[in-house]
> 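This is the structure I want to talk about, given as structure tokens.
Sequence lines set the chain letters: A, B, ... in the order given, protein chains first and strands last, and positions in each chain run from 1. Just the heavy atoms: all of them, side chains too, but no hydrogens, waters or symmetry mates, feed the values below.
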Amino acid sequence: MPHELSKAYDPSAIETRWAEYWVKEKLFKVETPAKDAPPKTVFTMLLPPPNVTGRLHMGHMLNQTEMDIITRWHRMRGFLALWLPGTDHAGIATQMMVERQLASEGKNRRDMGREAFIERVWEWKRHYGGAILDQMKRLGASVDWDREYFTMDEHLSVAVREAFVRLYEQGLIYRGRYIVNWCPRCVTAISDLEVVHDDTQGKLYELRYPIVGGDEFIVVATTRPETMLGDTAVAVNPEDRRYRRFHGRKVMLPLMNREIPIILDELANPEFGTGAVKVTPAHDPNDFAAGLRHDLPQITVMDEFGKMNQDAGHYAGLDRFEAREQVLADLQEQGFLVGTKDHTLAIGKCDRCKTIVEPRASTQWFVKIQPLADKAIAAVEKGDIKFIPENYAKTYFEWMRNIHDWCISRQLWWGHRIPAWHCADCKQINVARETPEKCSQCGGTHLEQDVDVLDTWFSSGLLPFTTLGWPQKTRDLEVFYPTSLLLTGFDILFFWVARMIMLGYHFMEDEDALDSVPFRQVYIHSLVRDADRQKMSKTKGNVLDPIEVIEKYGTDATRFTLAAMAAPGTDIAFSESRTESYRSFANKIWNAARFIFMNVDKAEQDKVWSLEEFRNRKLYTQTEGLPGFIAHLLEDRWILSRFNSVSQQMHEALAAYRFHEAAHLVYHFFWGEFCDWYIELIKPRLMPITDTERSDARIAFDNLVSVFEGALRLLSPFMPFITEEIWHALYDGTPPLKSIALAQYPQANPSQISAGAETEMSILQDLIVSVRNIRAELKVETRAKLPIEIFCPADVQDLVERNRGALERLANVESITFVADSLAKMTNLRTTTRFEVRLVYEQKIDVAAESERFKKELEKYEKELSNAERQLGNEQFLAKAPANVVEGIRRREGELKILIAKTKDGLEQLGK
RNA sequence: AGGCGCGUAGCUCAGUUGGUUAGAGCGCUACCUUGACACGGUAGAGGUCAGGAGUUCGAGUCUCCUCGUGCCUACCA
């Protein structure tokens, strides 16, 4: 038996099967086109590489669903669509993960040594690193798995070294001692972006420092009293008169009994606190800068673990927070603590482990960012890169224009090791692509590679071109760069997007690429929140696991939910009730298929219709409309018109990344038009008896299957699984292509759009709904067929005559009588501007309810009429509004007058 | 401190350049197991678009203010 579809739609029974099939058959593999190959329009997109330690969350799923819809759409439109997947080695995150694992075995990395540890991480990666990509396969992501990359792959590592060396040679990478954000738990420097700020209730302590050679004091304020151990000055503002007498004096630093100068510096803001500020150059960025201006010594009082060191006097060995308490106690005891105030401050914490970050002077590698930023700003200003929604460009500019140099060295083991070798003999730094044999300056051979690794984002910032083979001049780079689109969340706008723009622009300009931007468009999607609009977070415990949702409702329904809720620029409050309803939608599609297949099978048996002939028409290769569609009857002309209108609108929606609009369009078309009306209208034609009927049935089947097949293609990027399953079944398991994903996406054929058919259909629908409506109102028994009377103009009468059967069947009508006079004074009536229809039914009606309804209607009409009249009476309006708007209102005014008169008649009649 | 966003039906959300009667899903009410589907069908109720002022012939849509709410950025001790 052909067309086998199980009775109930069960996503779990089909989805894993197709997911595996797509991967196994390498359906989305993209061969590099040969030089002399006929040119094809190319669509390239990079998957934002998830952390290799990652597990799929709703944000990923939204991101990937949107990317997949866009990629599948382009592929079906005939583009050479390359979607490149991969994972990120995620320095800190991965190292932490493995360290935790080691800890549970009672080991730690320092005991193991660097090499053994790294080997252990690789081992971990081999075992667990593919998890998130396996989850992706389950989503149906149509990536080219043969091109999967890992940011620590050999060829990507070569590219990273190349990029580093070039930037160094260009003077855009330097090494120096500066204040950086230091995480004492991760024991590494982190960039500004990796610090998250939390408003915290803290204290502001006021300390008094005695002036040397007198009995006066100067009072300074601090939130981190333990750093006073490293103070090397006190600053006052040169303009601040209060402290004029202290200019040139020194203070005795309490506890440490060290004389330190009073300096004059803008650092001190006379408006804040006492106007005097302690200066700790080794532990505060502002103080650090002031220290350089005044040539102050830097005294580091903490070690890399956040413990006080030997320069912290007898506090050495204490943890920084213990030291704080101890210092305060001692200051208090010795009378130097003069005040404690509540103070809220945005305290910086490590993005990874939430440990309070310690600003710390240390030697690090930096990228001199301004020259790169300038070009990257220009690229967006010029429109070479477009942000969608546009307002993200603002955020981008805001950040780029206030950018600081980028600290790219990390004191980790897992990552790309910095390609710099220190000469033990002459201290020369040798930056090189390959491990150097001897020092370039002194020729010595005692070279040690720098121990630091690069910030993870340094390598991911290069991906748009390194994944295509850079630094070699590959054919891939020629064909696929620049990528077409970057689709990602705003949370990595600065981390990743901005850096890709800076680095892509920089390096690909070097390559003299025709277009050096890494991507032409950036679509920023919104955050997926929970049903209560709360941000999903592990600590809140409100994280929805996409895999669980998929298991409950199916991947298609979950994908569709995300697409349907993904209006650009607004967050998504994910609600399972929506997913439930889209599972119903999938079920509807399933059952429509079953209905069609059931009839098709019978028609084939009866030799009424032939799948083979249908197959030969090759609809799936057609780009425009539904070729071969024969439309004499209204429902056929109408559904063809609707199909093309919807195709057109979907194209516009997808081109603008308006996923929710596209989803709603296809949903409404399939359910509200194709199923609710078209299938219902066509049903009688599917069971022919006479020869005439048989020949019409052939047309009916052709049309039914054509529209259905077209609708599957429209739906396919959104719901790839169910459409694949049904499409294969439609062709008896031997489809003309390996996948619906390789078929053509329907595009509108304007000549198949018929305003006339759509208008006529809407009148017929109104008529049917009106009769049903009267029946419901009168509580007519469901099965009872009743006569109706219609008063209407000749064209509507003609329309009804042509579709008499449909009206009778769908509205449960026994007979139709056209009357010559208005029915306005009759009961059981519905009135529109095109017709009056009355149900012939002798039964007491609920006069009160009926007149209530009339009154309500009347009120509505009158309000609208007064609005219309007001506008039409306004000369300004007539003069300035466009003609079609005026004309529309004028026409509506006429209609309203008629409706009001008729409704009044009806009311009067009820009164009798 | 700056910047961005949100407030539309009971709930969750749409509503692109201002233009005729503001939509969807869920929920709710009534009826219906009709040969694809109760994950269904038919009909229905439900909104002074947070509040105020302004621009305009015309504002859910543009401007300003107020209230409520969320987020991002920032080196104020």
> Rounded to whole Å, how long is the line connecting atom CG of A:Asn237 with atom C1' of B:rA77?
13 Å

> Could you tell me whether A:Arg583 contacts a base, only the sugar-phosphate backbone, or nothing, with contacts defined as non-hydrogen atoms closer than 4.0 Å?
base

> Rounded to the nearest Å, what distance is computed from the CZ atom of residue A:Arg772 to the C1' atom of nucleotide B:rU34?
12 Å

> Under 4.0 Å, heavy atoms only, any strand: does A:Asp491 hit a base, just the sugar-phosphate, or nothing?
nothing

> Could you pull out all residues at least two apart from A:Ser762 that satisfy side-chain contact (heavy atoms from CB on, under 4.5 Å)?
A:Gln765

> Distance check, P atoms only: B:rC49 and B:rA22, in whole angstrom units.
11 Å

> Name the orientation class of the two ring planes belonging to A:Phe387 and A:Tyr396 (parallel below 30°, tilted from 30 to 60°, perpendicular beyond 60°).
tilted

> Could you spell out the base pairing of RNA chain B in dot-bracket, with Watson-Crick or G-U pairs whose two distances are under 3.5 Å, [ ] crossing and | to another strand?
(((((((..((((.....[...)))).(((((.......))))).....(((((..]....))))))))))))....

> For B:rG68 versus B:rG51, give the span between their P atoms, rounded off to a whole number of Å.
16 Å

> Answer yes or no: are there more than 12 heavy-atom neighbours, outside A:Glu862 itself, under 6.0 Å from its atom CD?
yes

> Who passes side-chain contact (heavy atoms from CB on, under 4.5 Å) against A:Ala282, sequence neighbours left out?
A:Gln298, A:Thr300, A:Ala361

> Within this structure, what is the CD-to-C1' distance between A:Glu661 and B:rC13, rounded to whole angstrom?
14 Å

> To the nearest Å, how far apart are A:Arg870 CZ and B:rC57 C1'?
10 Å

> If the test is ring pair (Phe, Tyr, Trp, His ring centres under 6.0 Å), which one of A:Tyr553, A:Phe670, A:Phe585 qualifies with A:Phe560?
A:Phe585

> Can you sort out the partners of A:Phe494 under side-chain contact (heavy atoms from CB on, under 4.5 Å), two or more places apart, ordered by chain and number?
A:Leu193, A:Thr395, A:Trp399

> B:rC75, B:rG15, B:rU12: which one has an atom nearest the side-chain heavy atoms of A:Met565?
B:rU12

> Could you work out the separation of B:rC11 and B:rC28 based on their C1' atoms and round it to a whole Å?
11 Å

> Both A:Ala346 and A:Tyr9 contact RNA chain B. Which one's nearest nucleotide lies toward the 5' end?
A:Tyr9

> In whole angstroms, how far is the C1' atom of B:rG15 from the CG atom of A:Leu665?
13 Å

> Consider the side chain of A:Asp676, meaning its heavy atoms from C-beta on, and name the nucleotide among B:rA77, B:rG2, B:rG41 that approaches it most closely.
B:rG41

> Taking for each residue the nucleotide of RNA chain B bearing the nearest heavy atom, is the 5' side occupied by A:Trp677 or by A:Gln876?
A:Trp677

> If you compare every side-chain N and O of A:Lys394 against the phosphate oxygens of B:rC72 (OP1, OP2), does one of them come in below 4.0 Å?
no

> Between B:rC71, B:rA43, B:rA36, which nucleotide gets closest to the side-chain atoms of A:Phe490?
B:rC71

> Applying side-chain hydrogen bond (donor to acceptor under 3.5 Å, both in side chains), which residue pairs with at least one partner in residues 870-884 of chain A are found, sequence neighbours left out?
A:Asn867-A:Arg870

> Is A:Lys588 near enough to B:rC37 that one of its side-chain N or O atoms lies under 4.0 angstrom from OP1 or OP2?
no

> What contact category does A:Leu267 fall into here, base, sugar-phosphate, or nothing, at under 4.0 angstrom with non-hydrogen atoms?
base

> Excluding sequence neighbours, so at least two apart, what forms ring-ring contact (aromatic ring centres under 6.0 Å, His included) with A:Phe366?
A:Tyr174, A:Tyr178

> For A:Asp766, is there an ion pair with A:Arg834 - N to carboxylate O distance below 4.0 angstrom?
no

> Nearest whole Å is fine: how far is B:rC72 C1' from A:Glu398 CD?
10 Å

> What does A:Gly672 touch in the nucleic acid at a heavy-atom separation under 4.0 angstrom: a base, only the sugar-phosphate, or nothing?
nothing

> Without placing hydrogens or testing angles, list every side-chain donor-acceptor pair under 3.5 Å for residues 648-655 of chain A, not counting sequence neighbours.
| residue | atom | partner | partner atom | Å |
| --- | --- | --- | --- | --- |
| A:Gln648 | NE2 | A:Glu652 | OE2 | 2.7 |

> What string of B, S and - do you get for nucleotides 18-32 of chain B 5' to 3' if you count protein non-hydrogen atoms under 4.0 Å?
-BBB---SS----SS

> For the side chain of A:Asn286, counting heavy atoms from C-beta on, which of B:rA43, B:rC75, B:rU73 is nearest?
B:rC75

> One thing to verify: whether A:Glu814 and A:Lys785 come together as a salt bridge, which I'm taking to mean a side-chain N less than 4.0 angstrom from a carboxylate O.
no

> OP1 or OP2 of B:rC39 sitting under 4.0 Å from any side-chain N/O of A:Asn591?
no

> Looking at B:rG5, I'd like to know if its phosphate oxygens (OP1 or OP2) sit under 4.0 Å from a side-chain N or O belonging to A:Asn391.
yes

> Whole angstrom is fine here: how far is it from CG in A:Asp405 over to C1' in B:rC75?
15 Å

> Between the base of B:rC57 and the side chain of A:Asn874, is there any donor-acceptor pair under 3.5 Å?
no

> Mind checking the P distance from B:rU55 to B:rA74? Whole angstroms is fine.
41 Å

> Using atom C1' in both nucleotides, what's the gap between B:rG7 and B:rG47 to the nearest angstrom?
14 Å

> What integer number of Å spans the P atoms of B:rG27 and B:rU21?
32 Å

> With P as the reference atom in both, quote the distance from B:rG70 to B:rC75 in angstrom, rounded to an integer.
24 Å

> What does A:Lys683 touch in the nucleic acid at a heavy-atom separation under 4.0 angstrom: a base, only the sugar-phosphate, or nothing?
base

> When all nucleic acid strands are considered with a 4.0 Å heavy-atom cut-off, which category describes A:Val886: base, sugar-phosphate, or nothing?
nothing

> In whole angstrom, give the distance that lies between atom CG of A:Leu810 and atom P of B:rA43.
11 Å

> Between B:rG44 and B:rA36, how far apart are the two C1' atoms, rounded to whole Å?
26 Å

> Base, sugar-phosphate, or nothing: which does A:Glu266 touch, judged by heavy atoms less than 4.0 Å apart?
nothing

> Once side-chain contact (heavy atoms from CB on, under 4.5 Å) is applied, do any residues pair with A:Ala700, and if so which ones, sequence neighbours excluded?
A:Ile682, A:Arg685, A:Leu686

